[in-house]
Number of protein chains: 2
Amino acid sequence: MRKKYKYRSNCPINFTQEILGDKWSMLIIRDLMFAGKRHYGEFLKSDEKISTNILADRLGKLEHSELISKTIDKNNLSKNIYSLTSKGIDLMPILIEMISWGLNNNDKTMVPPEFLKGLQTDKIKFMKELKRAVSKAHGV
Amino acid sequence: MRKKYKYRSNCPINFTQEILGDKWSMLIIRDLMFAGKRHYGEFLKSDEKISTNILADRLGKLEHSELISKTIDKNNLSKNIYSLTSKGIDLMPILIEMISWGLNNNDKTMVPPEFLKGLQTDKIKFMKELKRAVSKAHGV
DNA sequence: CTGTATCCTTAGGGATACTG
DNA sequence: CAGTATCCCTAAGGATACAG
């Protein structure tokens, strides 16, 4: 039983960050969301090379937070299939924006083209307005 | 001189996460972006209560990553003004999506009223726009 | 191959004293 | 008040052995 955790504040950014703000959770979500990974061993094979104890811990925490769920693989009863819940899928806009920012700010980064579907022009238009306001406030 | 850091992979999500994936950096960006904070002491006053040594460290790292910049406050030569660079402002979509997800997934969370102080726009009007835009972006 | 458990090191971070 | 420095502890994480 995982200890009940008290968040540091009522800020939604802080809440999101406390759930996903470690070095690994977001990458597991990424692998589920975009790379179609489902099994334990597949997560171990990511470029960032998560170690097995950390992977087990994060899968447990993500399941506890109800971002992912696991079911037994009918084809192989000794393994689980991990998948995103709808709450986990709802993280997609965050991931998309992280991809976008990363690509724009590090030439070395790259990602398969199919990752970038879903950017919505309405949102972009709104963002431009908002960015203009903040830029002005910061004298940029 | 900060040691040159090698990222674990070429994934843009990993890159973004390595820069912002600690418990404090994102909150400093938040305070600059939405709460209009500019001075050292203001950051110390956030609900999450960052300690002074961590704050100094993160301000240094964020400046090194060129997400923020600091200039001497002409009105008080013993203090600095911290502000977002355009690279920092470009993080806004990520923060907005984090706010949206946090609000949708934790009833306790709410947007702090002081969030809009730095924006030169009417608070209520801004919130309505924000809600409408985010909802629309999510097909709601 | 799918996980768990253990050991051990390091980085993150809290408290607080201190300097200008 | 702005920022630095020090002390110390805990949590995060890496390596790897182990069990089904």
Side-chain angles (χ1 to χ4, degrees), chain A residues 1-9 14 17-29 31-32 37-65 68-83, chain B residues 1-9 14 17-29 31-32 37-65 68-83:
Chain A
M1 183 61 185
R2 204 172 288 274
K3 187 179 143 197
K4 186 146 188 175
Y5 186 73
K6 179 93 170 60
Y7 298 101
R8 294 177 295 182
S9 73
N14 179 64
Q17 190 66 0
E18 288 201 44
I19 289 183
L20 294 166
D22 71 288
K23 296 212 186 278
W24 296 107
S25 300
M26 191 68 88
L27 303 185
I28 294 171
I29 300 292
D31 285 348
L32 282 160
K37 298 187 180 181
R38 295 291 180 271
H39 297 120
Y40 196 87
E42 295 179 285
F43 299 112
L44 286 177
K45 283 180 210 135
S46 305
D47 285 350
E48 297 87 6
K49 302 203 187 309
I50 189 170
S51 61
T52 175
N53 57 333
I54 302 297
L55 175 59
D57 179 79
R58 289 315 125 83
L59 288 171
K61 283 183 175 163
L62 290 171
E63 191 185 5
H64 180 257
S65 304
I68 71 175
S69 62
K70 78 176 169 194
T71 54
I72 294 188
D73 188 340
K74 297 286 196 294
N75 300 322
N76 182 339
L77 273 8
S78 77
K79 70 201 312 193
N80 289 305
I81 295 178
Y82 299 92
S83 47
Chain B
M1 183 60 187
R2 203 171 288 275
K3 185 180 143 196
K4 185 145 191 177
Y5 186 72
K6 179 89 170 61
Y7 298 102
R8 294 177 296 180
S9 73
N14 179 64
Q17 191 68 359
E18 288 201 44
I19 289 182
L20 294 166
D22 71 288
K23 295 209 185 282
W24 295 109
S25 300
M26 191 68 89
L27 303 185
I28 295 171
I29 300 292
D31 286 349
L32 282 161
K37 298 188 181 180
R38 297 290 180 273
H39 299 299
Y40 196 88
E42 294 179 286
F43 299 111
L44 285 178
K45 281 180 210 136
S46 306
D47 285 350
E48 296 89 3
K49 303 206 187 309
I50 189 170
S51 59
T52 174
N53 57 333
I54 303 296
L55 175 59
D57 179 77
R58 289 314 125 87
L59 288 172
K61 282 181 177 164
L62 289 170
E63 193 187 2
H64 180 258
S65 305
I68 71 174
S69 61
K70 80 177 167 193
T71 53
I72 294 187
D73 187 342
K74 297 286 197 291
N75 300 320
N76 182 339
L77 273 8
S78 78
K79 71 203 306 194
N80 290 305
I81 295 178
Y82 298 92
S83 47

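Sequence lines set the chain letters: A, B, ... in the order given, protein chains first and strands last, and positions in each chain run from 1.
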Residues at least two apart in sequence or cross-chain that pass side-chain hydrogen bond (donor to acceptor under 3.5 Å, both in side chains) with Asp31(A), listed by chain then number, are Ser46(A)
**Prompt:** Are Asp22(B) and Lys61(B) within salt-bridge range, i.e. N to O under 4.0 Å?
**Reply:** no
Chain B reaches DNA chain D, atoms under 4.0 Å from its heavy atoms, from dA2(D) to dT6(D)
Applying side-chain contact (heavy atoms from CB on, under 4.5 Å) to Lys70(A) and not counting sequence neighbours gives Glu63(A), Asn80(A), Tyr82(A)
When Leu62(B), Asp57(B), Ile68(B) are each screened for side chain to side chain contact (heavy atoms under 4.5 Å, CB included) with Ser25(B), the one that passes is Leu62(B)
Between Asp73(B) and Arg38(B), does at least one N-O distance fall below 4.0 Å, as a salt bridge requires? no
Contact check, residues 43-55 of chain B vs DNA chain C, heavy-atom distance under 4.0 Å, returns Ser51(B), Thr52(B), Asn53(B), Ile54(B)
*asked:* Could you go through Leu27(B) and Phe43(B), starting from their C-alpha distance and side-chain angles, then the distance that decides it, and tell me whether this counts as side-chain contact (heavy atoms from CB on, under 4.5 Å)?
replied: CA-CA 9 Å; Leu27(B) 303 185; Phe43(B) 299 111; over 6 Å; no
Outer limits of DNA chain C sitting under 4.0 Å from a non-hydrogen atom of chain A, read 5' to 3', are dT2(C) to dT6(C)
Counting only heavy atoms from other residues, nucleotides and ligands, does the tally under 6.0 Å from CD1 of Ile72(B) exceed 12? no
Sorted by chain and residue number, the side-chain contact (heavy atoms from CB on, under 4.5 Å) partners of Ser65(B) (sequence neighbours excluded) come out as Ile19(B), Leu67(B)
- Item | Leu32(A) and Lys37(A), any side-chain heavy atoms less than 4.5 Å apart | no
